[in-house]
J.: 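Here it is: the structure, laid out below.
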Amino acid sequence: MINWIIGGIIFGATVLIIVRSISRMKKGESGCCGCTQSKCNCAVK
Amino acid sequence: MPLKFALVGNPNCGKTTLFNEITGSTQYVGNWPGVTIEKREGKAKKIQEDVLIIDLPGIYSLSPYSMEEIIARDYIINEMPDVVINIVDGTNIERNFYLTIQLIELGVNVVVALNMMDAVEAKGDKIDLKILEGSLKVPVVPITASKGKGVTELLEKALNVAQTAAAAGGSPLLQEIHNESIVASIEEIENRIIPTLESKVQNPRWTSLKLLEGDEKVQEALKVSVESLNQIKVYQEDLEKKFDMDIETIVADSRYRFTTDVTRKAVKKKAQASDLTISDKIDKVVTNRVLAIPLFLAMMFGIFSVTFGTVGSSTIDFVDGLVNDTIATFVLSLLEGAGAAVWLQDLIVGGIIGGLGSMLVFVPQIMILFFFLAILEDTGYMARAAFVMDRLLRKLGLSGKSFIPMLIGFGCTVPAVMSTRTLENEKDRRLTIMLVPFMSCGARLPVYALYTAAFFANNQTMVVFSLYLLGIAVAVLSGVFLKKTILKGEVAPFVMELPPYRIPTFKGLMIHMWDRGKGFVKKAGTIIFAAAVVIWFLQYFNFSFQAVSEPADSILGAIGNAIAPVFAPLGFGDWQSAVALLTGFIAKEAVVSTMGILHGVAEATESSTDLITALRTVFTPLTAYAFMAFSLLYLPCMAAFATIKREMNSWKWTLITVGYSTGIAWVVAFLIFQGGKMMGFN
Ligand SMILES: Nc1nc2c(ncn2[C@@H]2O[C@H](COP(=O)(O)OP(=O)(O)OP(=O)(O)O)[C@@H](O)[C@H]2O)c(=O)[nH]1
Ligand SMILES: [Mg+2]
C-alpha cells in the first residue's frame with residue numbers, strides 16, 4: 001500500500017514537472033534556469 | 001485602476017535599485033550600463049495607495065537611436081503613466097538632465113529623484129534644490145536608493161502630483177529651453193501642419209517639436225505625407241541657415257545650453273585636490289595596456305583559489321556527510337520501518353537522494369564563487385574588464401559589445417543570450433549567440449567540482465581556472481573563424497561608458513548570491529528531480545519492464561552502450577558517461593546527478609561507496625580532463641537551446657549553433673585525450 005502511495009506521489013510529481021517545464025518553454029519562458037533576474041524570463045509575472 | 005509611476009533615467013543611475021526598494025522585489029542590479037533591457041512592473045509596497053511601478057531600461061535621450069530608447073519612449077508616450085519619476089544621478093547632473101529636459105518637453109508629469117545623494121555628500125558637492133525646482137518647474141526629491149533614504153518622500157510627492165495635476169500635465173517649458181525662433185517654428189508647425197495631418201495627434205506641441213527635429217519614428221507613426229514634410233522642411237532650412245548648423249544639432253544645442261546653465265547655478269562642486277579622481281587613478285592601472293589582462297587573470301585566479309581551496313572544500317565534506325550519510329541512512333531506516341518495497345527504497349535513496357545529493361553538495365561552493373563575482377560586478381570592475389576585452393576583441397575583428405553577453409554567460413546562458421538584444425547588427429548578434437554557450441556557466445561548476453576533487457585534489461584551482469580559460473579561448477577563436485567564414489561583416493563600433501567605482505551594498509551582494517543558491521535548489525527540486533526519477537527508472541528496468549540485477553542490462557544501459565562508441569576516442573567510452581552526457585542536455589548539473597545514481601552513491605546495499613572513489617575506477621586524470629572539456633563545450637542545456645531558438649528565430653541557425661558547439665567539443669576532447677596520451681599522460 002505505502003509503496004503505491006509514495007511511488008505514485010513521486011512519479012506524479014515527475015510527470016507534473018515535465019509537463020510544466022515543456023509548457024513553460026513553449027510559452028517562451030525558460031522555465032529552468034532558476035534565476036529571478038530581470039534579464040531572464042524565468043521570473044513569475 | 002492603480003496609478004502608474006514609471007521610472008525613467010540614464011543607464012546605471014539606480015532605477016532598478018529604487019524599483020527593488022519600492023516594490024520589495026529583487027531584480028538584478030549591476031554596476032554597468034544596460035543591465036535592465038525589458039520593462040518590469042511591480043506593486044508599490046511602501047504606501048497605502050494602489051500604485052504600479054514600472055522599471056524601464058536606461059536611456060540617454062528620447063531620440064530613438066537604440067532598442068532600449070524605443071521601448072522606453074513608446075512606453076511613456078503610449079501607456080501614459082500618471083507620473084514619470086525621472087531618476088538623476090546626483091554625481092552627474094549635467095549629463096542626466098539632457099533626458100530630464102526631454103521629459104519636461106513632452107509635457108508629462110515629471111518628478112525628479114536626485115539619486116546617489118550619499119556619493120554627492122561624500123564628494124563634498126552641494127546641490128541647491130530650490131534653484132533646480134525653480135528652473136525645471138518640477139518637484140525635485142533627494143534620495144539614496146541603495147539605502148532607502150528619501151524614498152517615502154519621493155512617493156508622497158509623486159502621489160501628490162498624480163492627484164492634483166493628473167489631467168493638466170506639466171508645463172513643457174519650451175520658451176525657457178529653446179531660442180525664440182525655434183519656438184516660433186514649433187508654433188507654426190503646430191498651427192499650420194498638425195491640423196492637416198490625417199492621424200489624430202495626441203500631443204501637438206511635442207509632435208511639432210519632433211517633426212521639426214526630423215524624428216523619423218514620429219513621421220512614420222503619423223504617416224506624414226510628402227507635402228507636409230516639404231512644408232516642414234522650409235522651417236528646418238530657415239533655422240539651419242540662421243544658425244549655420246543642421247537642425248538636429250540646433251535643437252540639441254539649446255537643450256545642452258539650458259542644462260549647463262541650470263547645473264552651473266545649482267551645483268557647487270568642491271574643488272578637487274588634483275585633476276585625477278581616485279576612480280581615474282584606479283582606472284589608470286586596471287585598464288593599462290600591459291597590466292590589464294594579467295591583473296584580470298590574477299583576480300580570477302584568486303577568486304577560484306578561495307572557492308576551491310580550503311574554505312570551499314570544507315563545505316563539501318559537510319554537506320556530503322549530511323546528505324549522503326545522515327539523511328540517506330535516516331530515510332532508509334524510515335522506509336524499512338514502514339515496510340516499503342526494495343524498489344521504493346532504491347528509488348528514494350539511490351535515485352532521488354543519490355542524484356540530488358551529489359549535485360547539492362556543491363551549492364555552498366557555487367554560492368561562494370558568485371559572491372566574489374558579485375563583488376567584482378558591483379564595484380564596477382567587470383565593466384573595466386569588458387572595456388579591456390573590447391580592445392582585444394576588436395583587434396580580432398569582433399565587436400566589443402559581445403563581451404557583455406559573454407560576461408553574463410558566466411552566470412547563466414539564458415539571460416546572456418537574451419542580452420544580445422543590445423547588438424543592433426544581426427550578424428554580430430548571431431555570432432555572439434553562437435559564442436555565449438562556450439562561456440562556462442554556473443551549472444557546469446558541479447561537474448568541475450566533482451571531477452577535480454576526484455582527480456586533481458592538489459591543484460583544483462588551476463584546473464578549474466584552465467577550463468574557464470579554455471571556454472574563453474574557444475569562444476574567441478570561434479569568433480574569429482566564424483567572422484571570416486559564414487558571418488562576414490563590418491565590426492560595429494561600440495562605445496562603453498565606464499561606471500564609477502562603488503562600494504557594493506551588502507544587500508546587493510546577498511541578492512546576487514541568494515539568487516544563485518535559490519536557483520540551484522529550485523532547479524534541483526524540479527528539473528533535476530524529474531531527471532533523477534526518469535534515470536532511476538530507466539536503469540532499474542529492462543525493455544520488458546523487469547527489474548535488472550546489473551544496470552548495464554537496463555534500458556538505460558542499452559541506450560548508453562549504443563552511443564558510447566562515439567565517445568571512445570575521447571577516452572570515456574563507458575555507457576555511464578555516455579548517459580550522463582545525454583542527460584546533461586536537460587541541465588548540465590544532471591551530469592553529476594546521473595553519475596551519482598549510476599555509480600550508486602547513496603546505495604542502500606553494502607557496496608555503498610562514494611562517488612569520488614567510484615569515478616576513480618573509471619576515469620584517469622587525463623580522461624577526466626577530456627570529459628570536463630567536453631561537458632563545458634558540447635551542446636547547451638535545454639533551456640538555453642529554447643532561448644537560442646527564440647532569439648535566433650530560425651531553426652537553421654539554432655541547429656548550426658548546437659552542431660557547431662558539439663563538433664568543437666568532440667574535437668577539443670579528442671585532441672586533449674590523444675595529445676595527452678602521446679605526451680605520456682594518463
Ligand atoms: N552610492 C550609491 N550607489 C547606488 C545608489 N543607487 C544605486 N546605486 C548603485 O548604482 C549601480 C546601478 O544600479 P542599477 O539599479 O542597476 O541601475 P539602473 O539604472 O537600473 O541601470 P540600467 O538597468 O543599466 O539602466 C549599482 O551598483 C547600485 O548599487 C545610491 O543611492 N548610492
Ligand atoms: Mg536596471
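Worth knowing before you read on, the calculation uses all heavy atoms, side chains too, and leaves out hydrogens, waters and symmetry mates. Here is how names work: the chains are called A, B, and so on, in the same order as the sequence lines, proteins then strands, and each is numbered from 1.
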J.: If the condition is side-chain hydrogen bond (donor to acceptor under 3.5 Å, both in side chains), which residues does Thr594(B) pass it with, not counting sequence neighbours?
T.: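 Partners of Thr594(B) under the side-chain hydrogen bond (donor to acceptor under 3.5 Å, both in side chains) test: Thr583(B).
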
J.: If you measure from CG on Leu344(B) to CD1 on Ile10(A), what distance do you get to the nearest 0.5 Å?
T.: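 Those atoms lie 5.5 Å apart.
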
J.: Got Leu347(B) and Ile6(A) here, is their nearest side-chain heavy-atom distance under 4.5 Å?
T.: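 No. Closest side-chain heavy atoms not under 4.5 Å.
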
J.: Could you look at Ile528(B) and say if it's the side chain, the backbone, both or neither that has a heavy atom under 4.5 Å from chain A?
T.: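 When you check distances to chain A, no heavy atom of Ile528(B) falls under 4.5 Å.
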
J.: Which atoms of Trp514(B) are under 4.5 Å from chain A, going by heavy atoms: the side chain, the backbone, both sets, or neither?
T.: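 Neither part, no heavy atoms under 4.5 Å.
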
J.: For the CG atom of Asn3(A) and the CG atom of Leu335(B), what is their distance to the nearest 0.5 Å?
T.: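 Here the interatomic distance stands at 9.0 Å.
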
J.: So for Phe537(B), is it side chain, backbone, both, or neither that comes closer than 4.5 Å to the heavy atoms of chain A?
T.: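 Answer is side chain: those atoms of Phe537(B) sit under 4.5 Å from chain A.
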
J.: Looking only at non-hydrogen atoms, find the nearest pair between Ile17(A) and Gly525(B) and report the distance.
T.: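 Smallest heavy-atom distance, with atoms named: CD1-O, 3.9 Å.
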
J.: Can you name the residues that form a salt bridge (Lys or Arg N to Asp or Glu O under 4.0 Å) with Glu41(B), not counting sequence neighbours?
T.: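 Glu41(B) satisfies salt bridge (Lys or Arg N to Asp or Glu O under 4.0 Å) with Lys39(B) once adjacent residues are dropped.
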
J.: Give the minimum heavy-atom separation between Phe529(B) and Ala13(A), together with the two atoms involved.
T.: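 Heavy atoms of Phe529(B) and Ala13(A) come nearest at CE2-CB, 4.1 Å.
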
J.: Where do Ile527(B) and Ser21(A) come nearest, in terms of heavy atoms and distance?
T.: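 Heavy-atom minimum between the residues: CD1-OG, 3.5 Å.
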
